[in-house]
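Working notes, beginning with the structure itself.
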Amino acid sequence: MTEPMPKPTDTSPFTKNVPKVLSRRALNRALLDRQLLLRRAEMPVLDALRHLAGMQAQAPTPPYYGLWARLAGFRHEELSRLIETRQAVRIAIMRSTIHLVTAEDALALRPVIQPALDRGLKGGYGKELAGLDTGAVAAAGRALVEEAPLAYGELGARLQERWPDRSPAALANTVRTLVPLVQVPPRGLWGASGQALHTTAEAWLGSPPAVASSSGLEELVLRYLAAFGPASVKDIQVWSGLTRLSDVIRRLEPRLRTFLDEKGVLLYDLADAPLPAEDTPAPPRLLGEFDNMLLSFADRSRIMDERYRRRIFTVNGIIRAAVLVDGFVCGMWSLERNKQSAELVIKLFEPISDADQEALADEGRRLLDFAAADCPNREVHFSLSEL
């Protein structure tokens with residue numbers, strides 16, 4: 001007896017027919033394909049950043065690991081050069097977190113995301129900012145960072161000289177929210193160290209941000225679906241930090257197709273986006289910390305069992321480097337090194353086959369060659385860390 005077709009839980013008046021159901025594995029393979037993780041892509045780094053709509057980058061090195069996992073023959077200097085030449089920048093954007101994006105996207109996407117940033121500032125500092133002329137704070141902060149790039153701590157302290165009754169954190173975050181700030185090198189360069197210093201996107205890139213518009217919002221949604229779809233409205237909202245995107249989907253509906261997931265949630269997708277078969281082989285992959293693929297869905301079941309969430313997502317906001325086997329998170333990894341040796345430690349959450357472990361070990365050795373080529377002694381170590 002066949003099971004009844006699930007009913008959509010995200011109802012839509014502009015969906016005429018009952019959509020096809022996509023299994024968890026089918027969604028997984030679609031996501032891996034669009035994230036360049038079914039096979040390493042022969043693609044310039046700047047094109048990859050554009051396709052992925054940026055990469056989460058709270059720490060300097062995760063984008064390097066993320067691109068290494070996705071691009072054939074990726075080298076550190078390729079990304080460092082883009083940052084040095086101002087073709088790629090680190091900026092607070094989606095979810096008000098630091099992302100590495102192309103210069104064009106920094107100028108085009110930041111104004112579209114601005115309502116989410118404004119809401120976050122009000123939620124975090126609303127009481128402290130009551131009665132404050134935030135426009136004046138933003139203008140003062142802009143002048144300071146354009147005079148010389150500043151760390152947030154110094155920016156807040158300088159602003160407090162003018163507004164002594166306000167906290168440095170509230171003042172610095174007002175500028176961070178209202179003024180598009182980019183982090184300048186050496187921050188973000190492979191093998192370099194340096195405090196996060198900020199100036200304005202206009203000063204660094206020589207061009208003002210775009211003007212927010214409904215077409216910009218529609219383009220943002222289409223970009224998300226190209227890199228993460230099929231997806232629900234809630235998924236898009238989680239990724240972007242924006243709310244009330246149903247109207248945007250409604251305007252885009254003639255250009256989209258719809259599906260249901262196994263729970264009956266309505267998903268939207270580009271009409272011509274790839275949908276690999278659910279039995280498509282998925283090679284093992286080692287994702288860097290804060291990988292967007294783990295952060296960009298309301299329902300992460302297409303990539304990670306909910307049981308593993310608390311192991312990957314820590315209470316202090318760190319998103320650990322994850323291990324994928326057969327397309328799904330099954331562990332985490334870390335790199336321990338000194339001048340003479342480097343050890344890649346892979347902690348599995350569940351047993352895997354001997355063949356999968358050997359394939360994962362091969363991937364680990366390639367990562368060591370990428371990340372620790374200067375260490376004469378390199379090895380991969382496995383452990384089982386069950387729940």
Side-chain angles (χ1 to χ4, degrees), residues 20-56 62-75 78 222-231 235 239 257 259 261-262 267-288 290-297 299-305 308 312 321-333 346 348 350 352-353 355-367 369-370:
K20 174 184 176 181
V21 176
L22 293 178
S23 69
R24 177 171 176 256
R25 288 185 64 86
L27 290 172
N28 174 268
R29 291 327 194 239
L31 175 60
L32 294 177
D33 191 34
R34 299 181 201 189
Q35 285 287 305
L36 313 179
L37 289 166
L38 279 184
R39 65 199 67 81
R40 282 182 165 90
E42 300 280 353
M43 179 184 295
V45 176
L46 202 63
D47 290 349
L49 284 177
R50 186 178 296 109
H51 168 74
L52 296 168
M55 305 186 75
Q56 190 102 353
Y64 290 87
Y65 290 119
L67 290 168
W68 170 82
R70 290 168 166 88
L71 300 180
F74 171 71
R75 304 185 309 278
E78 294 179 272
L222 296 174
R223 293 279 299 279
Y224 171 83
L225 292 176
F228 297 95
D235 292 329
W239 170 76
R257 56 183 172 175
F259 301 97
D261 69 12
E262 293 176 330
L267 308 176
Y268 302 91
D269 200 14
L270 303 182
D272 57 352
L275 286 175
E278 64 177 41
D279 59 354
T280 301
R285 290 289 184 255
L286 298 167
L287 304 180
F290 304 104
D291 196 285
N292 262 352
M293 200 166 65
L294 305 181
L295 292 164
S296 300
F297 297 94
D299 181 356
R300 299 179 177 90
S301 61
R302 72 181 67 193
I303 188 67
M304 179 173 60
D305 192 299
Y308 302 149
I312 298 295
V323 176
L324 301 184
V325 171
D326 189 31
F328 293 91
V329 171
C330 74
M332 56 191 181
W333 65 270
I346 297 176
L348 297 172
E350 58 193 55
I352 60 177
S353 70
D356 283 337
Q357 181 160 324
E358 183 54 38
L360 185 55
D362 287 343
E363 184 76 351
R365 286 187 281 269
R366 286 189 287 270
L367 186 143
D369 291 342
F370 169 79

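FYI, side chains are in, hydrogens and waters are out, and symmetry mates aren't considered; it's all heavy atoms of this structure. Just so you know, these numbers come straight off a predicted model, no measurement behind them.
- Scored by the salt bridge (charged side-chain N to carboxylate O under 4.0 Å, His left out) test, Arg366 finds Glu363 as partners (sequence neighbours excluded).
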Check against side chain to side chain contact (heavy atoms under 4.5 Å, CB included), Leu367 and Asp369: CA-CA 5 Å; Leu367 186 143; Asp369 291 342; over 6 Å; no

Stepwise side chain to side chain contact (heavy atoms under 4.5 Å, CB included) check, Met43 with Leu71: CA-CA 7 Å; Met43 179 184 295; Leu71 300 180; 4.1 Å; yes

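- Under the ring-ring contact (aromatic ring centres under 6.0 Å, His included) criterion, Tyr65 pairs with Trp190, Trp333, sequence neighbours left out.
- Ion pairing of Arg257 with Asp272 is absent here, as no side-chain N (NZ or NE/NH1/NH2) approaches a carboxylate O to less than 4.0 Å.
- Taking Asp299 as the reference, Lys263 meet the salt bridge (charged side-chain N to carboxylate O under 4.0 Å, His left out) condition, with sequence neighbours excluded.
- Proximity of a side-chain donor or acceptor of Arg40 to a complementary backbone N or O of Trp68 within less than 3.5 Å is detected.
- Without hydrogens or angle criteria, Tyr224 side chain to Ala53 main chain gives no donor-acceptor distance under 3.5 Å.
- Taking CE of Met293 as the start and CG of Leu36 as the end, the distance is 10.5 Å to the nearest 0.5 Å.
- Residues meeting the ring-ring contact (aromatic ring centres under 6.0 Å, His included) test with Phe290, sequence neighbours left out: none.
- The pair Glu358-Arg365 counts as a salt bridge, with a side-chain nitrogen and a carboxylate oxygen less than 4.0 angstrom apart.
- The structure places CG of Asp261 at 5.0 Å from CG of Leu267, a figure rounded to the nearest 0.5 Å.
- For the pair Arg302 (side chain) and Asn28 (backbone), a donor-acceptor distance under 3.5 Å is absent.
- Here Ala277 pairs with Asp279, Thr280 under the side-chain contact (heavy atoms from CB on, under 4.5 Å) rule; sequence neighbours left out.
- A distance of 14.5 Å separates CZ of Phe228 from CG of Leu27, quoted to the nearest 0.5 Å.
- For the ring-ring contact (aromatic ring centres under 6.0 Å, His included) test, residues two or more places apart in sequence or in another chain that qualify with Phe74 are Phe370.
- One N or O on the side chain of Arg34 and one on the backbone of Pro274 form a donor-acceptor pair closer than 3.5 Å.
- One distance of note links CD of Glu350 with SG of Cys330; it measures 5.5 Å at 0.5 Å rounding.
- Under a 3.5 Å cut-off, the side chain of Arg223 and the backbone N or O of Arg50 do form a donor-acceptor pair.
- Considering CG of Leu31 and CG of Asp33, their distance stands at 9.5 Å, rounded to 0.5 Å.
- Ion pairing between a basic and an acidic side chain is recognised when a charged N comes within 4.0 Å of a carboxylate O; Arg300 and Asp235 show no such pairing.
- When atom types are taken as modelled, the side chain of Arg70 and the backbone of Gly66 share a donor-acceptor pair closer than 3.5 angstrom.
- Here Asp47 contributes atom CG and Glu42 contributes atom CD; the two are 12.5 Å apart, rounded to the nearest 0.5 Å.
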Residues Leu286, Leu324; criterion side chain to side chain contact (heavy atoms under 4.5 Å, CB included); working and verdict: CA-CA 6 Å; Leu286 298 167; Leu324 301 184; over 6 Å; no

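- Under a 3.5 Å cut-off, the side chain of Gln35 and the backbone N or O of Leu32 do not form any donor-acceptor pair.
- Of the listed residues (Leu37, Val329, Val323, Ile303), just one forms a side-chain contact (heavy atoms from CB on, under 4.5 Å) with Leu287, and that residue is Leu37.
- Nearest heavy-atom pair, Trp239 versus Ser296, reported as atom, atom and distance to 0.1 Å: CD1-OG, 3.1 Å.
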